[in-house]
Number of protein chains: 4
Amino acid sequence: MPEAPTRWRRRKEARPNEIVAAALDSFVERGYAATRLEDVARRAGVTKGTLYLYFPNKAELFKAVVRAVLSPRLADMAGAMATLSASAFLERLVITVRDVAATPVGGLPKLILAESGNFPEIARFYYEEVVERGLNLIKGVLRRGVASGEFRPVDVDYVCYCVVGPMLLGVLWQRTMEPYAAAPLDYDRLCRTHLDILLAGLRPTEAAP
Amino acid sequence: MPEAPTRWRRRKEARPNEIVAAALDSFVERGYAATRLEDVARRAGVTKGTLYLYFPNKAELFKAVVRAVLSPRLADMAGAMATLSASAFLERLVITVRDVAATPVGGLPKLILAESGNFPEIARFYYEEVVERGLNLIKGVLRRGVASGEFRPVDVDYVCYCVVGPMLLGVLWQRTMEPYAAAPLDYDRLCRTHLDILLAGLRPTEAAP
Amino acid sequence: MPEAPTRWRRRKEARPNEIVAAALDSFVERGYAATRLEDVARRAGVTKGTLYLYFPNKAELFKAVVRAVLSPRLADMAGAMATLSASAFLERLVITVRDVAATPVGGLPKLILAESGNFPEIARFYYEEVVERGLNLIKGVLRRGVASGEFRPVDVDYVCYCVVGPMLLGVLWQRTMEPYAAAPLDYDRLCRTHLDILLAGLRPTEAAP
Amino acid sequence: MPEAPTRWRRRKEARPNEIVAAALDSFVERGYAATRLEDVARRAGVTKGTLYLYFPNKAELFKAVVRAVLSPRLADMAGAMATLSASAFLERLVITVRDVAATPVGGLPKLILAESGNFPEIARFYYEEVVERGLNLIKGVLRRGVASGEFRPVDVDYVCYCVVGPMLLGVLWQRTMEPYAAAPLDYDRLCRTHLDILLAGLRPTEAAP
DNA sequence: AATGAATGAGGGTTCATTCAT
DNA sequence: TATGAATGAACCCTCATTCAT
């Protein structure tokens, strides 16, 4: 009866998380359609049948992965940043994205982009849980910055895309174009440059009193 | 047993293009894996077997679609812009992307992102044909702008991502998040805002003589 | 309008033969199922459609090939051998088979063996046209030899199989086992040895007056 | 939607053998190309998908059939015959072949002949496992017989084909020409006649001291 | 709770056959 | 007469899903 010695007998509460983790890796690696449940199962150390004890089908597993991965990330982000100045917030935001980008979670945007057509439900979920909230957060900060004179008056509802765009590009780049580029992407440098241009672009003009 | 009388009507030269067009629509709509050749065929007004007269298999059809769509677009872009000032170039670039975004071709970036893992060949092809060329074009212009004093000194190699990022975001947004957002994306406004921030961010500072 | 200069415009009477010849080669090379009509057509210098002007379908083409190839061979064989002594006949027979074995026609036995299950009609045809006639010829000669005292009394109806067996084996060997054997089959030596054993086995015993 | 209640009954160890047996029958009946895996599956009492649990594809199933059928037969044959006199060995050999001919295994030679072109691997395998070993066995015995004076001096390397030829013909005949012949082949009589001629042909001549 | 053998629908691919030109 | 583009049925193979154990 002695199982593997290094890892105590896993309780059934642990299983779903292990499966979700394995599934995240697989989905991010190969995409939804190309991911075989057999592989997910093997990676999770169980068999195919076991997956169905916890998730009714592949699509639901996929959704569970997205939900499980995203949900915790967002709550604290808003709170943690409420106290910062607008510029400092943007810096912090960029840094945070940079750090997440290196984890498997960094593969989610690409995955959701790819599957948004076939999983409208997921796309909506992602929109509501991440995109909308994130954009509103940014818009709020930008508005605050404009109101306080830290930033010049701008079209806040669209500047937020300019904030996000280069960061998204970076996240996607690492998982698509990176292997073919002459040099690897220096994400740090991307962040610095992005902030440089962005903050310069938002800075109030001399003439504007 | 009389068949449909309208069999076998068109000419050989037209078919490949019709098939590629149908395939582009299907691939863009559903992704590579979820696209059934039967559907492509039906959309092209032929049967499955006919596809194999022109393309040896699904993967090659996919590549042919990407090639067919991209190749012509690229040559002229470089030339047409050589004469513009740096700022005018960036404006023109943004406008061009905006216009392409509305066509089926605008679905390609998403498609290639999604399939880059399963089609490294395609990803490399896209990198070399589009991404690298495009980025070099932008870098060249930025360098020109910096040299002429139109722009302040910046890290050109990474600013290019800041130029592209928001536009890419716009293209992807239209085909993923658009249906769930409260308001549709005003691409024009995105372009104006992007240029506003970007050009302001690049403008030489007063103190720098 | 000048066609290939080395070969005058082929008339429609030539076509069927050319097709049959091409088909024989293909069928013998790859078997019935693995032979694609496209290949036959190309080999015959025509297109697939043309085949259907002369043969209603693949199966009929196959039968036509077998018929065309076998029919002329048999008539003369009987006549040409009527005058020989029994032993001389057997020698001649063996030599003839050896010569045919080197031509594409030598591939027919294998082909017909392989397809006898799927083409009962062909098998029957081959049986009646070749096998039965051939065996009867041999039986006749053996009977003649026994009657004349050239051979000892034997079970003629089954000795004929002993006459044919080694030759058949040789024909099949060349197209199946030959590539894997250490040394190529010396068909001449096979013939000599076969005749040596066979004729010795048929020779009247000393004691039998 | 209640399915047949008798699903999923047998044990894992039995399946491969059942499938191989079913496949042997199908392949022998119709040939490789004309055999549909669906039929094999039905005959084995399973579905198509199940075949792929045990064999990666049709070609491997085919090879497995050949291997499974041949391998056990060969080991004992050599040993069992080592003690017999040369003549007795030949008799025993002929009898053995006659007995095997009546089983489905008797269909293998024809099958391998037919598919040797498309499955060189199989042909080589059959050559090395069966043909070469068998021929060497026979050659050894013949040599022994010649050395001991039981047989007259002959070209042993080719006499072996004369030993095998009529037996092979018999095996093939039963599965190809039999239905069309006036009388069924009396394999026993074929064996007796073959041995009669062969042994007489090998017997030392009076004059040879 | 977990297994894994078995299923069967679905899609890619081939190729004999047809028929407008 | 000859073409060759087009068809569509057939088959191999995959894999999400089921369920007896």
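In what follows, every heavy atom counts, from backbone to side chain, and hydrogens, waters and symmetry copies are set aside. Every chain is numbered from 1 and lettered A, B, ... according to where its sequence line falls, protein lines coming before strand lines.
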Heavy-atom distance under 4.5 Å between the side chains of [X] and [Y], does that happen here?
{"X": "A:Y126", "Y": "A:P109", "result": "yes"}
{"X": "C:R15", "Y": "C:V46", "result": "yes"}
{"X": "B:D25", "Y": "B:V40", "result": "no"}

Thinking salt bridges, do D:R43 and D:E29 make one under a 4.0 Å N-O criterion?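 Salt bridge: yes.
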Salt bridge or not between A:R124 and A:E121? Use side-chain N to carboxylate O under 4.0 Å. no
Does atom CZ of A:R30 have more than 12 heavy-atom neighbours, drawn from other residues, nucleotides or ligands, at distances under 6.0 Å? no
Could you tell me how far apart [X] ([atom1]) and [N] ([atom2]) are, to the nearest whole angstrom?
{"X": "C:F55", "N": "F:dA2", "atom1": "CZ", "atom2": "P", "answer": "12 Å"}
{"X": "B:L53", "N": "F:dT3", "atom1": "CG", "atom2": "P", "answer": "17 Å"}
{"X": "B:L51", "N": "E:dG12", "atom1": "CG", "atom2": "P", "answer": "10 Å"}
{"X": "B:R42", "N": "F:dA6", "atom1": "CZ", "atom2": "C1'", "answer": "16 Å"}

Please identify each residue that fulfils ring pair (Phe, Tyr, Trp, His ring centres under 6.0 Å) with B:F62, with sequence neighbours left out. B:F27, B:Y32, B:F119
Reading nucleotides 12-17 of chain F from the 5' end, what letters show protein touch, with B for base, S for backbone sugar-phosphate only, - for no heavy atom under 4.0 Å? BBBSBB
Side chain of D:R15 - closest among E:dA2, E:dA5, F:dT3: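 The closest nucleotide is E:dA5.
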Can you figure out which of F:dA6, F:dT1, E:dA6 approaches the side chain of C:Y54 most closely? F:dT1
Counting only N and O atoms by type, is there a donor-acceptor contact under 3.5 Å from the side chain of B:T35 to the main-chain atoms of B:G31?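 Yes, because the side chain of B:T35 sits within donor-acceptor range (under 3.5 Å) of the backbone of B:G31.
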Would you write out the dot-bracket form of DNA chain F, 5' to 3', with Watson-Crick and G-U pairs under 3.5 Å, [ ] for crossing pairs, | for pairs to other strands and . for unpaired bases? .||||||||||||||||||||
